[in-house]
Amino acid sequence: MRQILLSLLVSIPLVACSMKETPGHHHESAASTQAPAAAPPPTNAPQDRAASTRPHADHNARHGGLVTMEGDNHVEVVVGADGAIHLYVSDAIRTPIPPKDVSGTITIEPKGKGEKQTLTLAPDEAKGSLSAKGPAPDNGDYTWDLKVRGAPMKMTLTVPASGTAAFANAPADHPAGDHAHGSPHGGVVQSLAGGHVEVKLEKTGDITVWMLDSAEKPRSAKGVTASLRPVVAGAKETQLAYDEKADVLRGKIDPIKQDHVDGVLSITPAGGTATSLRFAFHLEGHAGHDGQKGHDHAGHDHAGH
C-alpha cells in the first residue's frame, strides 16, 4: 500500500512537467471541449458584390449622354446641341479608363445636307474624355472607331438635333421609374406628342411598336413611319413596316444575345414631326413573349437609365 501511494505521488509531478513542456497544450484541450467558434464572414463573395460590381449591370448615364457597350467595355457618348462631342470610356463594371489608354476617330454622316466628315478624338484629361468639335447635330449618324487598351470598339448612334440630351431626359409626364400607366403589351412605354408609343423588343429580334393615346389605349399606327437602331456593335437601323391587320409597326433584327439592350427609335407620327426616343430593354431570363415578365423587366426604365 505504501509503495502504491509513493508511485502516485511521483507520477503527479511528472504529468505536470509533461504538460508544461508542451506549450499550448492546455489551451488546445480547452478549445476542443468548447463549441467551435463561428467562421469569419466570407470576403469578396460574388453574391455580396453583385449589386455593385456585376459586369454590365450598370448602364446609367453619368455625363448626360447615352451608354453603349461592346465586349467588356462601355462608352458614354455625349453630343451637345453646339456640336461638342465627348466620349467617356469605362470597363465592364464602369470603372473609368484613362483617356491616354484610348485612341480613335468619330465620323459624322448627316442624313440631310452636309458632308460626311471624320474627326480625330483628342484626350481631355480634365474631363476624363476623348473629345472633338463637330457641327450642330441634325439627326445624323455618329460612328466612333476606337482602340481601347488595344481592343477595337466601333459603333454607330443616330443623334437628334437637340443632341444626346434628348435620350437622357425623361418625358415630363412619364418620369423614370413611374409605372402608374403600365405597359399594355409588355413593352416599354414613352410619351409622344398626342399620347404614347410602346416598343417591345424580344430576344428573337422581333420588334413591335404600338401607338397609344394619352390613356394608353390603342390608336391607329397607320401613316406612322419609324425605325429602330439597337445600340450594339454592328447593328444597323431597321425600318419598321406597317402591319395593317394588327394595326402596329413591325420589324426584325438579329437575335439578341445581351440581357440589356438600349435602342433609339426614330418616329414620325402621321402628320407630326420626327422624334428620337431612347428605350432601355431588359430581357433577363425570358424570351420577351410573356407580357407580365416583359413589363417587370422592360418597364422599369423609360428614358433615364
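Position 1 is the first residue of the sequence, and the numbers go up from there.
- With contacts defined as side-chain heavy-atom distances shorter than 4.5 Å, the pair L283/I256 qualifies.
- One hydrophobic cluster, built from ILVMFWY side chains closer than 4.5 Å, cannot hold both V102 and Y88; they sit in different ones.
- Note that CD1 of I97 and OG of S90 are 6.5 Å apart. Values are rounded to the nearest 0.5 Å.
- Using a 4.5 Å cut-off on side-chain heavy atoms (C-beta onward), R229 and T238 make no contact.
- Using a 4.5 Å cut-off on side-chain heavy atoms (C-beta onward), D243 and L249 make no contact.
- Side chain of S129 to main chain of S131: no donor-acceptor pair is present (N/O by atom type, distance under 3.5 Å, no hydrogens or angles).
- Listed by first then second residue, pairs satisfying side-chain hydrogen bond (donor to acceptor under 3.5 Å, both in side chains) with a partner in residues 114-127 read T107-T118, not counting sequence neighbours.
- The CE atom of M155 lies 10.5 Å from the CG atom of L87; values are rounded to the nearest 0.5 Å.
- Residue S162 comes nearest to A81 through the heavy atom pair O-CB, 4.0 Å, listed as atom of the first residue, atom of the second, then distance.
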| field | Steps toward side-chain contact (heavy atoms from CB on, under 4.5 Å) verdict (L146, V75) | value | CA-CA 10 Å; L146 306 177; V75 170; 3.9 Å; yes

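- Put simply, I253 and V209 are part of the same group of oily side chains (I, L, V, M, F, W, Y) that touch within less than 4.5 Å, one to the next.
- Nearest heavy-atom pair, L277 versus S191, reported as atom, atom and distance to 0.1 Å: CD1-O, 4.0 Å.
- Annotation: side chain of H282 is not in contact with side chain of D259 (no heavy-atom distance under 4.5 Å).
- Annotation for S214 and H196: closest pair O-CE1, 3.1 Å, computed over non-hydrogen atoms.
- Applying the ring-ring contact (aromatic ring centres under 6.0 Å, His included) test to pairs two or more places apart or on separate chains, none has a residue in residues 212-252.
- Using a 4.0 Å cut-off between charged nitrogen and carboxylate oxygen, K252 and D206 count as a salt-bridge pair.
- Closest approach of D82 and K133 over heavy atoms only: O-NZ, 2.7 Å.
- The CD atom of E237 lies 3.5 Å from the OG atom of S227; values are rounded to the nearest 0.5 Å.
- Here ring-ring contact (aromatic ring centres under 6.0 Å, His included) pairs that include residues 210-233, with residues two or more places apart or in two chains, are H185-W210.
- Residue L121 is not grouped with residue V78 when hydrophobic side chains (ILVMFWY) are merged at heavy-atom distances under 4.5 angstrom, including chains of intermediate members.
- Evaluated for a side chain to side chain contact (heavy atoms under 4.5 Å, CB included) with E76, the options V67, V89, L66 yield exactly one hit, V67.
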| query | Hey, mind stepping through L192 and M211 against side-chain contact (heavy atoms from CB on, under 4.5 Å) and telling me if it holds? | reply | CA-CA 9 Å; L192 191 65; M211 300 301 292; 3.7 Å; yes

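- Inter-residue side-chain proximity for T143 and I106 is flagged as unmet; no heavy-atom pair is nearer than 4.5 Å.
- Looking only at side-chain heavy atoms (C-beta outward), T268 and T273 stay at 4.5 Å or farther from each other.
- Between the side chains of T105 and D145, no donor N or O sits under 3.5 Å from an acceptor N or O.
- The side-chain contact (heavy atoms from CB on, under 4.5 Å) test applied to A161 returns D138, not counting sequence neighbours.
- Annotation for G186 and E198: closest pair N-OE2, 3.3 Å, computed over non-hydrogen atoms.
- Using a 4.5 Å heavy-atom cutoff, the side chains of V197 and V189 are not in contact.
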| task | In sequence, state the C-alpha distance, the side-chain angles, and the governing distance for H74 and R94, and then conclude on side-chain contact (heavy atoms from CB on, under 4.5 Å). | result | CA-CA 7 Å; H74 296 81; R94 299 297 305 283; 3.7 Å; yes

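- The ring-ring contact (aromatic ring centres under 6.0 Å, His included) pairs that include a residue from residues 129-164 number zero, where partners must be two or more places apart or lie in different chains.
- The only member of L130, I108, T164, V159 that meets side chain to side chain contact (heavy atoms under 4.5 Å, CB included) when paired with I85 is I108.
- Both L201 and I267 sit in one connected hydrophobic cluster of ILVMFWY residues. Membership requires side-chain heavy atoms under 4.5 Å apart, directly or through other members.
- In summary, D91 and R149 do not engage in a salt bridge, as defined by a charged side-chain N under 4.0 Å from a carboxylate O.
- You'll find the side chain of D141 reaches within 4.5 Å of the side chain of K111, heavy atoms only.
- Across all their heavy atoms, S276 and V264 have their closest contact at CB-CG1, 4.4 Å.
- With T158 contributing its side chain and N139 its backbone, the two residues share no donor-acceptor pair below 3.5 Å.
- In terms of hydrophobic clustering, with Ile, Leu, Val, Met, Phe, Trp and Tyr side chains grouped at heavy-atom distances under 4.5 Å, L265 and I207 are assigned to a common cluster.
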| request: Would you check, one step at a time, whether the test side-chain contact (heavy atoms from CB on, under 4.5 Å) holds for V188 with F281? | output: CA-CA 7 Å; V188 184; F281 303 101; 3.9 Å; yes

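- Shown here are the ring pair (Phe, Tyr, Trp, His ring centres under 6.0 Å) partners of H86, two or more places apart in sequence or in another chain: there are none.
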